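Shown next, in structure tokens, is the structure this report addresses.
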Amino acid sequence: MGMTMTQKILAAGAGLDKVEPGQLIEAKLDVVMANDITGPMALPIFRQMADRVFDKDKVVLVPDHFTPSKDIKSAENARAIRIFSKEQDLTWVFEQGKSGVEHTILPDNGIVAPGECIVGADSHTCTYGALGAFSTGVGTTDIATAMATGELWFKVPSAIQFVLTGKPSQYVSGKDIILHIIGKIGVDGALYQSMEFVGDGLCYLTMDDRFTMANMAIEAGAKNGIFPVDAVTKAYLRTFTKKPYRVFTADADAVYDAVIVIDLREVRPTVAFPHLPGNAKTIDEIEVMEPIQIDQVVLGSCTNGRMADFRRAAAILKDRTVHPDVRVMVVPASQRIYKKCMTEGLLEIFIDAGCAVNTPSCGPCMGGHMGVLAAGEKCVSTTNRNFVGRMGHIDSLIYLASPEVAAASAIKGYIANPEKIEKSKSSKAGEK
Amino acid sequence: MKVFGQVFQYGDNVDTDVIIPARYLNSFDGKELAKHAMVDIDPTFASKVQPGDMIVAGRNFGCGSSREHAPLCLKEAGISCIVAETFARIFYRNAINIGLPIMECPQAAKEITPGDKIEIDFDSGKIYNRSKGAEYEGQPFPEFMQKLIAAGGLVNYTNQKLKGHK
């Protein structure tokens with residue numbers, strides 16, 4: 001019986017020729033990451049085991065959730081990881097003005113690479129699977145142990161293979177595809193499993209689409225999401241990393257729990273309704289409903305805060321204005337992306353349209369700060385979770401959507417179809 | 001080891017944002033967090049829960065973020081065990097790592113009702129519903145996880161391993 005891509009990476013990480021689903025292994029780790037919520041909590045636990053981290057090049061602490069610090073306690077937490085990073089002489093030290101959201105800056109600084117075993121004390125650590133790495137979220141005790149020893153136990157997962165075929169239509173991107181998939185299999189549809197994406201449709205997905213999709217594997221309960229390393233990946237790696245890497249491919253006779261074929265030509269702009277990411281509705285279903293009036297739009301996060309996302313949103317917002325009853329938070333996921341939005345003229349488009357442009361932060365996604373919702377408010381958000389109270393009051397409602405749907409909705413004031421926004425004279429609408 | 005307590009019951013997909021909302025995550029003090037446990041799904045939980053009480057839930061309990069604050073706040077609130085049809089994987093790891101007993105048992109999760117008095121024997125994996133006179137077989141932990149639990153959690157297990165290396 002052959003191995004899946006994930007199983008092969010885990011076998012290599014554990015120094016084994018072969019692993020099987022359900023097997024408990026201890027694997028060596030290439031990157032160990034925590035943030036300003038999980039990191040400070042890990043430090044006293046780490047100190048029960050070690051004085052020094054296992055490898056100063058491989059431990060990364062990113063202040064991004066409650067930064068710029070929203071209150072005194074948050075400031076103390078950010079300070080704790082800042083002091084620790086310096087005391088341990090960590091190679092990578094990130095700070096506001098030079099960093100951004102963890103899952104954007106790790107790939108963009110070439111810290112994570114294909115074939116690696118990566119853990120992060122943040123559930124969306126599965127994002128790096130887009131690069132062909134095994135990457136998964138863990139908790140605080142796990143991350144403290146990983147920082148001390150450079151190893152962690154894993155149960156080898158079985159996998160679901162998703163065969164993506166065909167080219168998605170102009171206003172459909174990675175977010176619609178992953179919301180469509182989670183809608184199909186449910187929020188525990190891949191519980192304890194890997195989601196392995198393959199197929200001829202991959203060549204139409206940018207790296208940013210793939211980051212979005214791998215990022216939300218956790219929303220289907222998956223241990224990890226993973227993409228093969230192809231020409232698109234290699235082009236990205238040439239720009240962003242100098243790290244040597246190893247490409248793994250699934251065996252031809254790998255066994256999958258299920259094979260699900262997704263015809264990308266048939267995927268429609270898709271929105272996840274409150275209060276689960278699996279509560280998916282197509283834009284066509286929404287258009288026959290009473291219009292859903294909204295109060296806020298968030299464009300950003302580790303899910304959709306990258307260049308492709310802002311280009312798509314800006315193409316729709318260009319020469320238009322945000323509806324008077326709506327406020328829009330644009331949050332570039334890193335300082336690099338922020339600057340690129342500036343040099344490409346996207347910030348001007350957003351500001352002219354009436355959007356607030358904020359400094360990189362996880363901020364509004366988990367109701368931290370910079371866009372918390374009041375009771376009864378409705379928000380279209382390009383983030384990843386629409387749980388009860390996720391972005392603020394328990395009586396607020398979150399609709400997860402693509403940057404295209406979010407931009408169209410910002411203009412209309414209700415959840416709107418980006419295909420129906422008339423092209424403005426000078427815009428390259430739907431540019432990918 | 002046996003535990004005995006009264007049941008708080010919840011449905012499917014209880015997420016970590018309702019177990020402990022992000023607005024409280026500027027602290028990682030278990031006692032402080034316990035004051036806000038389950039606040040967004042059951043505002044009276046923290047005032048009603050007694051040491052030894054249990055949570056019984058449906059599928060995918062603890063889905064969402066990796067915050068260890070979630071199992072920690074429930075443990076500090078006095079919860080002695082969580083029985084669910086299934087657990088989300090990060091919550092599952094975190095609970096074992098901090099020594100909060102959890103058990104997968106779909107039948108028990110379906111048949112137990114709020115307020116039932118439950119006894120759980122971790123050695124045999126048996127769940128007894130003392131209010132209804134029913135008995136269930138819980139899923140025992142794999143051997144490796146039993147070793148972790150016996151060592152007193154991942155930190156002690158790792159320390160034993162590190163000493164062995166030296």
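Here the structure is a predicted model, which means the values were calculated and not measured.
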Exactly one of Ile37(A), Thr38(A), Asn35(A) should register a side chain to side chain contact (heavy atoms under 4.5 Å, CB included) with Ser66(B). Which one does?
Thr38(A)
Any side-chain heavy atom of Leu191(A) sitting closer than 4.5 Å to one from Asn60(B)?
yes
Looking only at heavy atoms, what is the nearest atom pair of Leu154(B) and Thr145(A), with distance?
CD2-OG1, 3.3 Å
Distance-minimising heavy-atom pair for Phe154(A) and Arg93(B):
CD2-NH1, 3.9 Å
I'd like to know if the side chain of Arg89(B) pairs up with that of Thr136(A) as donor and acceptor (distance under 3.5 Å, no hydrogens or angles considered).
yes
At a 4.5 Å cut-off on heavy atoms, which part of Thr149(A) comes close to chain B: side chain, backbone, both, or neither?
side chain
Heavy-atom distances under 4.5 Å only: say whether Pro40(A) touches chain B with side chain, backbone, both or neither.
both
When you compare the side chain of Tyr92(B) with that of Lys155(A), does any pair of heavy atoms fall below 4.5 Å?
no
Are more than 12 heavy atoms, taken from residues, nucleotides or ligands other than Lys132(B), located less than 6.0 Å from that residue's NZ atom?
yes
Tell me, for Ser65(B) versus chain A, whether the close heavy atoms (under 4.5 Å) come from the side chain, the backbone, both or neither.
both
Which atom names give the shortest non-hydrogen contact between Ala22(B) and Phe66(A), and what distance separates them?
O-CZ, 3.3 Å
Atom CZ of Arg47(A) with >12 non-hydrogen neighbours under 6.0 angstrom
yes
Is Arg390(A) close to chain B through its backbone or its side chain, or both, or neither, when contacts mean heavy atoms under 4.5 Å?
both
Please report the interatomic distance CZ(Arg67(B)) to CE(Met366(A)), rounded to the nearest 0.5 Å.
8.0 Å
Go through the atoms of Asn77(A) and report whether side chain, backbone, both or neither lie under 4.5 Å from a heavy atom of chain B.
side chain
Engaged part of Leu276(A) at the chain B interface, taking heavy atoms whose separation is under 4.5 Å:
side chain
Strictly by modelled atom types, are Asn26(B) and Asp71(A) linked by a side-chain donor-acceptor pair under 3.5 Å?
yes
Only pairs of heavy atoms separated by less than 4.5 Å count here; which of Ile41(B), Asp17(B), Asp12(B) has the most with chain A?
Asp17(B)
Is it true that a side-chain atom of Tyr192(A) and a backbone atom of Ala88(B) form a donor plus acceptor pair closer than 3.5 Å?
no
Which atoms of Asn94(B) approach chain A - backbone, side chain, both or neither, heavy atom under 4.5 Å
side chain
Would you say that Thr140(A) contacts Phe28(B) through its side chain, given a criterion of any heavy-atom pair below 4.5 Å between the two side chains?
no
For Phe91(B), is it the side chain, the backbone, both or neither that has a heavy atom under 4.5 Å from a heavy atom of chain A?
neither
Residue, of Ile45(A), Asp36(A), Ile143(A), Leu24(A), that accumulates the most heavy atom pairs under 4.5 Å with chain B:
Leu24(A)
Applying side-chain contact (heavy atoms from CB on, under 4.5 Å) to Ile90(B) and Ile218(A), what does each step give before you reach the verdict?
CA-CA 10 Å; Ile90(B) 305 178; Ile218(A) 178 69; 4.0 Å; yes
Turns out that what part of Gln193(A) lies under 4.5 Å from chain B's heavy atoms comes down to neither
Contact leader toward chain A among Val18(B), Val155(B), Thr16(B), where contacts are heavy-atom pairs under 4.5 Å:
Val155(B)
In short, Gly64(B) meets Phe387(A) closest at the heavy-atom pair CA-CE1, 3.8 Å
Quick check: do Glu151(A) and Lys161(B) have side-chain heavy atoms less than 4.5 Å from each other?
yes
With distance as the sole test, does Asn159(B) use its side chain to make a donor-acceptor pair with the main-chain N or O of Gln48(A) at under 3.5 Å?
yes
Once rounded to the nearest 0.5 Å, what's the spacing between atom CE of Met41(A) and atom CD of Glu68(B)?
5.0 Å
Under 3.5 Å, is there a donor on one side chain and an acceptor on the other for Asp188(A) and Asn13(B)?
no
If one checks every heavy atom of Leu25(B) against chain A at 4.5 Å, the contacting part turns out to be both
